[in-house]
Amino acid sequence: MSNKTTVVDLRFRPRGRNWPLIFAYLIACGGSTKSTTGTSLAVTMALRGYRNTFWDLDANMSGTKVLGYTQEDLEGRKTVIDLIEGKATFDEVVLPARYWIGEDEDGNNLYAPIPNLRLIPSDPGLAGTDTLIALDPDRNDWFMEVMHSYDGDDEVWNVDFPASYGKMVYSVARMLDEDDKVIPSVRADPKDVNLLGPLLDELENIRDKNANKRAVPGRPTMNHLVLTGTPTPSYQEAPARRATALAEAEYKSVLLPFVRYSVDAKKMYEDGVPLPILLPKSYPAEDYRKVATALGFVERRG
């Protein structure tokens with residue numbers, strides 16, 4: 001529910017709208033590090049005092065698990081599927097983000113909260129939402145309905161997408177305008193970097209389809225690019241070096257600080273703990289803090 005006594009920084013509510021700024025981690029590339037980047041930036045924003053919600057729109061539930069919830073934890077709870085089907089409100093679905101800290105004497109999982117961060121949990125059923133929207137075109141407006149009915153105090157919505165450009169993805173992406181930020185996150189691999197071209201084509205298609213629709217912004221734009229797994233003094237794989245050079249040559253104007261390679265970063269998924277909390281001194285955690293700063297999320301005081 002909304003907190004009417006909380007002051008919302010208006011730079012995160014452009015053009016006087018009632019919903020927050022949207023960061024979309026979008027690219028049709030499996031294993032591209034979208035979830036790692038999305039959760040890491042969401043947690044970093046939260047730790048610096050910015051209220052935000054992480055939307056997990058990927059059926060594999062990676063972001064949901066990292067932010068403290070397994071499929072078993074969600075039994076009987078409403079998920080993003082209920083939002084898409086129009087069977088729940090934002091407040092009925094959103095959960096406080098948390099992270100696993102161990103087990104008690106009886107083997108029950110123990111969690112600690114992540115202040116300023118909430119979660120719209122995923123659901124394996126998301127894999128069928130393209131069919132759902134095709135059969136019921138009114139469901140194409142589900143995200144619009146959530147946006148316009150929102151009355152909370154979030155400053156950012158961090159949205160993690162599946163590796164596709166299907167109908168569900170379109171239903172969200174078409175609601176972005178030039179103030180929002182499409183931020184693909186790709187590994188330092190030439191194959192991944194080359195998939196940015198099709199992403200740009202898809203964004204242009206969305207803009208063309210919605211050019212004359214007054215109720216739909218339809219202006220998603222690739223404002224930034226996160227390149228992960230970049231070389232370090234001890235990691236100098238040739239593909240990583242080639243990909244870094246390729247990204248600098250073609251996308252220099254939108255490149256954010258590089259996120260360096262670390263084998264330890266994979267522990268995030270094994271332990272179900274966000275990277276900035278699990279390994280705060282690791283290369284990637286340090287670099288995601290630099291990325292957050294570059295995006296304007298400096299440490300808040302007071």
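For clarity, every value in this text was computed on a predicted model and none was experimentally measured.
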Q | Cationic N near anionic O, under 4.0 Å, Glu85 to Lys78 | A | no

Q | Partner residues of Asn108 under the side chain to side chain contact (heavy atoms under 4.5 Å, CB included) criterion, sequence neighbours left out | A | Asp104, Asp106

Q | Lys/Arg N to Asp/Glu carboxylate O, Arg289 vs Glu299, below 4.0 Å | A | no

Q) Do NZ/NE/NH1/NH2 and the carboxylate oxygens of Arg300 and Glu155 come within less than 4.0 Å? A) yes

Q. Salt bridge check: are Arg118 and Asp154 linked by an N-O gap of less than 4.0 Å?
A. yes

Q: Compare all side-chain heavy atoms of Asn18 with those of Asp151 and state whether any distance is below 4.5 angstrom.
A: no

Q) Are Val226 and Val254 connected, step by step, through hydrophobic side chains (Ile, Leu, Val, Met, Phe, Trp, Tyr) whose heavy atoms are closer than 4.5 Å? A) no

Q | Check: Leu57 and Asp160 side chains under 4.5 Å, non-hydrogen atoms | A | no

Q: With Ile84 as reference, evaluate Thr129, Asp136, Val146 under the side-chain contact (heavy atoms from CB on, under 4.5 Å) test and give the passing residue.
A: Thr129

Q. Does a donor on one side chain and an acceptor on the other come within less than 3.5 Å for Ser171 and Arg139?
A. no

Q. So Phe12 and Phe297, would you call those rings parallel, tilted or perpendicular, with 30° and 60° as cut-offs?
A. parallel

Q) Picking from Phe54, Phe90, Trp19, what satisfies ring-ring contact (aromatic ring centres under 6.0 Å, His included) with Trp157? A) Phe90

Q) Taking the side chain as C-beta and beyond, is there a heavy-atom pair between Leu126 and Ile81 under 4.5 Å? A) yes

Q: Go through the structure and list residues passing side chain to side chain donor-acceptor pair (under 3.5 Å) with Asp287, not counting sequence neighbours.
A: Arg260

Q: State, without any angle test, whether Asp56 and Thr64 hold a side-chain donor-acceptor pair at a distance under 3.5 Å.
A: yes

**Q.** Any donor-acceptor N or O pair under 3.5 Å, side chains Ser62, Ser35
**A.** no

Q) Are Met222 and Phe23 joined in one hydrophobic group, where the rule is that I, L, V, M, F, W and Y side chains link up if heavy atoms are under 4.5 Å apart? A) no

(Q) Any non-hydrogen side-chain atom of Ser185 less than 4.5 Å from a side-chain atom of Thr228? (A) yes

Q) Do Asn205 and Tyr170 have side-chain N/O donor and acceptor atoms under 3.5 Å apart? A) no

Q: Examine Tyr25 and Val66 and state if one hydrophobic cluster contains both, with Ile, Leu, Val, Met, Phe, Trp and Tyr joined whenever side-chain heavy atoms are less than 4.5 Å apart.
A: yes

Q | Aromatic ring proximity Trp55/Phe143, centre distance under 6.0 Å | A | yes

Q. Side-chain donor-acceptor pair under 3.5 Å between Tyr269 and Thr36, yes or no?
A. yes

Q. Less than 4.0 Å between a side-chain N and a carboxylate O, is that true for Arg174 and Asp141?
A. yes

Q) Of all residues at least two apart in sequence or in a different chain, which pass the side chain to side chain contact (heavy atoms under 4.5 Å, CB included) check with Leu135? A) Thr131

